[in-house]
Protein chains: 4
Amino acid sequence: MTVNPSARATKKSDATAGDPQRRRRDATRTRQALLDAARRRFTSDGYAATTVRDIADEAGVNVALINRYFASKEGLFEACLGAAGDELRRTTGGVPFTQIPQAIARQIASSGTADLPSELALLLSSSGDTRADEIRLGVLHYASEQLASAGGRQADEPDSETILLRAQIVLAAAIGIALLRSSTPLQPLASTTEQDLIAPLRDLTDALLPPR
Amino acid sequence: MTVNPSARATKKSDATAGDPQRRRRDATRTRQALLDAARRRFTSDGYAATTVRDIADEAGVNVALINRYFASKEGLFEACLGAAGDELRRTTGGVPFTQIPQAIARQIASSGTADLPSELALLLSSSGDTRADEIRLGVLHYASEQLASAGGRQADEPDSETILLRAQIVLAAAIGIALLRSSTPLQPLASTTEQDLIAPLRDLTDALLPPR
Amino acid sequence: MTVNPSARATKKSDATAGDPQRRRRDATRTRQALLDAARRRFTSDGYAATTVRDIADEAGVNVALINRYFASKEGLFEACLGAAGDELRRTTGGVPFTQIPQAIARQIASSGTADLPSELALLLSSSGDTRADEIRLGVLHYASEQLASAGGRQADEPDSETILLRAQIVLAAAIGIALLRSSTPLQPLASTTEQDLIAPLRDLTDALLPPR
Amino acid sequence: MTVNPSARATKKSDATAGDPQRRRRDATRTRQALLDAARRRFTSDGYAATTVRDIADEAGVNVALINRYFASKEGLFEACLGAAGDELRRTTGGVPFTQIPQAIARQIASSGTADLPSELALLLSSSGDTRADEIRLGVLHYASEQLASAGGRQADEPDSETILLRAQIVLAAAIGIALLRSSTPLQPLASTTEQDLIAPLRDLTDALLPPR
DNA sequence: TATGAATGAGAATTCATTCAT
DNA sequence: GATGAATGAATTCTCATTCAT
């Protein structure tokens with residue numbers, strides 16, 4: 001399910017033309033399947049409510065492999081967080097001011113409603129793990145600073161604190177939306193498309209993050 | 001055994017008539033202590049990560065009383081949710097449009113940062129319990145409709161769907177802020193006062209919920 | 001099974017009659033039952049091969065109580081070791097030289113063959129737990145020094161090192177006997193009585209620990 | 001493919017004539033490496049506390065090879081026990097009475113303190129495996145009978161039972177010493193040399209096993 | 001009403017072993 | 001012959017809940 005079988009088959013037939021669809025033992029693929037499944041469950045159910053068995057079942061692999069590849073449930077969570085951070089940085093880093101609404105909307109609505117929820121939502125699932133909290137906080141900081149500087153502001157301006165606060169409110173809004181979409185079927189928000197979100201998000205960012 | 005709690009309470013107040021403040025065995029007091037403690041822990045740690053023992057300890061009462069008064073952990077959560085809903089309705093119901101930012105700011109910052117977090121954050125802690133989810137969804141719906149109608153809009157207008165969506169985004173922002181403040185020490189957002197929040201929230205609501 | 005119900009009943013009626021010590025659902029008794037069962041299994045099977053379920057079943061109580069009363073399997077082991085150390089100190093502390101063989105024999109054969117094996121055997125079951133290892137080593141040291149000094153020797157004599165070594169060999173012999181009796185049905189050693197052991201042990205101690 | 005290991009070895013030594021020490025794929029070498037590593041870990045940690053991965057890592061080979069060569073962890077243990085029994089028989093079989101202390105001392109101290117512990121200690125690590133227990137008991141029996149007969153005694157003498165008991169006590173002492181040396185750093189016993197042990201062991205055997 | 005004891009279900013994790021390459 | 005992937009059975013521990021005072 002998680003693993004796309006068709007793409008896999010294709011790749012496979014390229015590699016071992018005579019023996020298609022027979023790749024059962026692939027460490028990296030297993031790892032990724034676990035990572036995807038974990039992200040889904042962690043964001044929709046929260047860290048504590050998610051069992052490793054849930055994740056393994058959803059990934060279609062044996063539970064013990066979670067410990068093999070990620071040492072522990074916490075390790076898996078940290079890996080999810082790291083991946084989410086990377087993804088966020090890639091999507092939002094260096095986006096010009098006018099593109100921010102689109103970027104946020106894409107981030108929120110990127111992968112459908114509940115199928116593969118936005119990385120944003122993951123940033124609020126606390127695990128009680130210190131290391132994970134640090135990662136989370138780091139990503140949040142980075143993201144809000146990116147937003148703050150997108151308007152062309154510098155960190156040493158007199159009202160930089162205010163700007164940062166407003167950027168964090170934008171971030172909070174984005175996360176709030178992602179959460180309401182992934183955990184609660186609150187209509188119409190839950191079923192909006194990326195397009196639907198751009199206009200209100202533009203109003204929001206324009207109001208909170210006025211360019212120079 | 002004793003089925004009627006009120007009758008019992010009456011008897012009790014008779015017994016301790018001389019010292020009405022100091023009642024060691026006071027059902028309603030115990031109930032309230034549990035409710036407060038539960039709200040704190042549920043919002044800061046999430047439903048699943050909170051143990052009934054945590055709550056009981058924080059409330060300073062015996063664990064078994066949770067089951068006595070609320071039948072189960074889920075029952076306690078539902079009770080918290082109900083109380084949060086009531087509180088929200090009281091705070092945000094019928095607020096005139098211009099007062100919305102203040103109302104939201106107060107709601108968010110009402111009780112300090114982490115000491116007694118806003119009810120808003122509770123609205124996203126899912127418990128996996130169907131009844132609780134219904135309550136939650138109900139409260140969220142009500143709140144967003146209140147916001148939508150605050151601008152003087154009616155539910156049967158042609159663009160009512162859009163208005164509702166925008167109201168839900170405002171709500172999402174409010175919840176996002178509450179969450180970032182209660183679960184993560186993201187500065188400066190985490191330490192802002194009610195006053196600090198009003199201006200940006202005004203900008204936000206003005207942009208998203210234009211009055212007629 | 002382990003806990004003698006009749007003895008318990010008797011004690012109980014005694015206790016509740018005049019003694020202010022009341023035992024309701026009896027935590028201390030449960031604790032002791034666990035301690036006894038644990039000592040049996042740890043000595044006969046070793047730490048790692050013993051499951052907490054084995055112990056709980058043998059004690060006739062629920063598994064979770066092990067964690068309740070001793071925090072962990074390791075905690076229970078440490079408690080056993082501590083109790084064994086106390087018991088050893090009580091039995092062997094300050095025993096005059098001529099009584100040593102009897103003391104050792106009693107210690108070894110004290111409680112039958114396998115029913116409640118000697119504390120001695122426990123002193124060799126390593127758990128991999130650092131704290132437990134320290135306790136164990138402390139008890140072993142104490143016991144060998146007791147033996148060394150029983151012959152009237154002082155720690156500052158020129159050959160004190162030799163004396164201590166010989167005392168440790170006596171101790172090793174005692175432990176070896178206890179082990180061979182508790183873990184392996186090596187006949188005739190496994191079924192000897194306390195009396196049977198005294199004569200050979202006297203020869204052994206006389207040969208290794210010559211009095212001044 | 002290659003069935004005959006000796007043929008293989010021959011071929012091998014031909015092939016790697018210039019570097020006879022370094023053979024990567026050598027069944028008997030791998031087998032022996034596993035056997036040595038297993039003996040070390042089993043004696044120092046006990047059967048249950050030793051993982052097959054520990055052993056394989058220490059031997060520098062893949063884990064699966066344990067099952068390949070010894071069918072199971074228990075099989076490996078039995079093999080160790082068998083090897084230890086052979087070794088013991090070789091060392092102690094037919095030793096004249098006066099040489100017994102030396103033989104025991106050598107056995108105990110043979111291979112340093114912890115590096116390659118005495119086979120003696122292995123004789124007490126129970127595995128819960130019936131076959132292994134039988135082997136163990138057989139070895140212990142054989143050894144004690146050897147000791148008993150070393151004094152020139154016959155099995156049909158009137159006090160043969162007593163003699164056997166005393167021989168078992170000597171054996172118990174030897175095992176006790178080996179254990180205290182391999183598992184616990186009890187000084188000075190743990191660091192004594194073979195020479196240091198001979199004198200006390202002579203006193204011990206003389207006292208317990210008087211020759212005819 | 002309140003409390004500590006007790007319980008059973010379920011959680012994460014470890015580990016010997018087997019499979020496929 | 002050797003290796004890394006995968007698996008299922010256990011094991012320890014936690015936790016909500018119930019029981020007995």
Side-chain angles (χ1 to χ4, degrees), chain A residues 16 19 22-31 48-56 61-69 71-74 76, chain B residues 1-2 5 8-9 11-12 23-27 29-30 48 50-56 61-69 71-76, chain C residues 22-31 48-56 61-76, chain D residues 1-2 5 8 24-27 29-30 48 50-56 61-69 71-76:
Chain A
T16 58
D19 192 18
R22 257 237 169 189
R23 193 196 293 191
R24 279 183 298 184
R25 300 200 158 204
D26 186 332
T28 56
R29 203 172 286 288
T30 302
R31 240 191 89 99
T50 303
T51 75
V52 289
R53 206 146 237 130
D54 286 344
I55 297 171
V61 306
N62 186 281
V63 210
L65 295 180
I66 287 178
N67 296 281
R68 190 185 196 342
Y69 290 122
S72 67
K73 184 187 180 187
E74 278 190 352
L76 176 54
Chain B
M1 280 124 191
T2 313
R8 216 152 181 274
K11 229 183 189 172
K12 196 85 227 181
R23 298 188 258 180
R24 274 170 315 160
R25 299 199 153 201
D26 184 333
R29 214 188 240 357
T30 302
T50 302
T51 73
V52 289
R53 213 146 230 131
D54 286 344
I55 297 172
V61 308
N62 187 280
V63 209
L65 296 181
I66 288 179
N67 295 279
R68 193 179 200 357
Y69 288 125
S72 69
K73 185 189 180 185
E74 280 188 349
L76 175 54
Chain C
R22 52 221 152 110
R23 309 187 181 170
R24 294 166 314 204
R25 239 158 89 166
D26 218 338
T28 56
R29 202 171 286 285
T30 301
R31 240 190 90 99
T50 303
T51 75
V52 289
R53 206 147 238 127
D54 286 344
I55 297 172
V61 306
N62 187 281
V63 210
L65 295 180
I66 288 179
N67 297 281
R68 189 184 196 343
Y69 290 123
F70 302 95
S72 68
K73 185 189 179 185
E74 278 191 351
L76 176 54
Chain D
M1 280 119 192
T2 315
R8 205 148 185 279
R24 276 168 315 163
R25 296 201 157 200
D26 183 333
R29 215 187 240 352
T30 302
T50 303
T51 74
V52 290
R53 216 148 228 131
D54 286 343
I55 297 171
V61 306
N62 187 280
V63 210
L65 297 181
I66 287 178
N67 296 277
R68 193 181 202 351
Y69 288 126
S72 68
K73 184 190 181 184
E74 281 190 348
L76 176 54

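Just so it is clear, the structure is predicted and the values come from calculations on it, not from any experiment. No hydrogens, no waters, no symmetry mates; every other heavy atom, side chains included, goes into these values. Below, chains carry the letters A, B, ... as their sequence lines are ordered, and counting in each starts from 1.
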Which listed nucleotide (F:dT12, F:dA2, E:dA12) is nearest to the side chain of C:Lys73?
-> F:dT12
Counting N and O atoms only, with roles assigned by atom type, does the side chain of A:Lys73 sit under 3.5 Å from a partner on the main chain of A:Thr50, one being a donor and the other an acceptor?
-> yes
Spacing of CG belonging to A:Leu65 relative to CD1 belonging to A:Ile55, to within rounding of 0.5 Å | 13.0 Å
In whole angstroms, the gap separating C1' of F:dA5 from CD1 of A:Ile66 amounts to 15 Å
Check C:Tyr69 against C:Thr30 and note the closest heavy-atom contact, atom names and distance.
-> CE1-CG2, 3.8 Å
Heavy-atom closest pair, residues A:Asn67 and A:Ser72 | OD1-CA, 3.8 Å
Where C:Ala48 and D:Ala48 come nearest, the two heavy atoms and their spacing | CB-CB, 3.6 Å
For C:Phe70, report the nucleic acid contact type (base, sugar-phosphate, nothing); a contact means any heavy atom under 4.0 Å.
-> nothing
note: A:Leu76, atom CG; E:dA12, atom P; distance rounded to Å ~ 11 Å
Grab the CG-P distance between D:Asp54 and E:dC15 for me, whole Å please.
-> 8 Å
Of the candidates F:dA5, F:dT14, E:dA11, the side chain of A:Ala27 sits closest to F:dA5
With a 4.0 Å cut-off on heavy atoms, is D:Ala64 in touch with a base, just the backbone sugar-phosphate, or nothing at all?
-> base
Would you indicate, yes or no, if F:dA5 has its OP1 or OP2 atom less than 4.0 angstrom from a side-chain nitrogen or oxygen of A:Arg68?
-> yes
Let me know the distance between CG of D:Asn67 and C1' of E:dC19, rounded to the nearest Å.
-> 12 Å
Tell whether C:Asn62 reaches the base of E:dG8 with its side chain through a donor-acceptor pair below 3.5 angstrom.
-> yes
Among all residues two or more places apart in sequence or in another chain, which pass the side-chain contact (heavy atoms from CB on, under 4.5 Å) test with C:Arg53?
-> C:Thr51, C:Asp57, C:Val63
No-H, no-angle donor-acceptor pair, A:Arg53 side chain to E:dA12 base, under 3.5 Å | no
Shortest non-hydrogen contact from C:Val52 toward C:Ile66 = O-CD1, 3.4 Å
Upstream residue (5' side of DNA chain E) when C:Leu65 and A:Val63 are each assigned their closest nucleotide | C:Leu65
Could you check B:Thr51 against C:Thr50 and say which one's nearest nucleotide on DNA chain F is further toward the 5' end?
-> C:Thr50
Is the shortest side-chain N/O distance from D:Thr30 to OP1 or OP2 of F:dA2 below 4.0 Å?
-> yes
Rounded off to whole Å, could you give me the OH-to-C1' distance for the B:Tyr69 and F:dA16 pair?
-> 19 Å
Where does DNA chain F pair, written as one dot-bracket string 5' to 3', with Watson-Crick or G-U pairs under 3.5 Å, ( ) inside the strand, [ ] for crossing pairs and | for another strand?
-> .||||||||||||||||||||
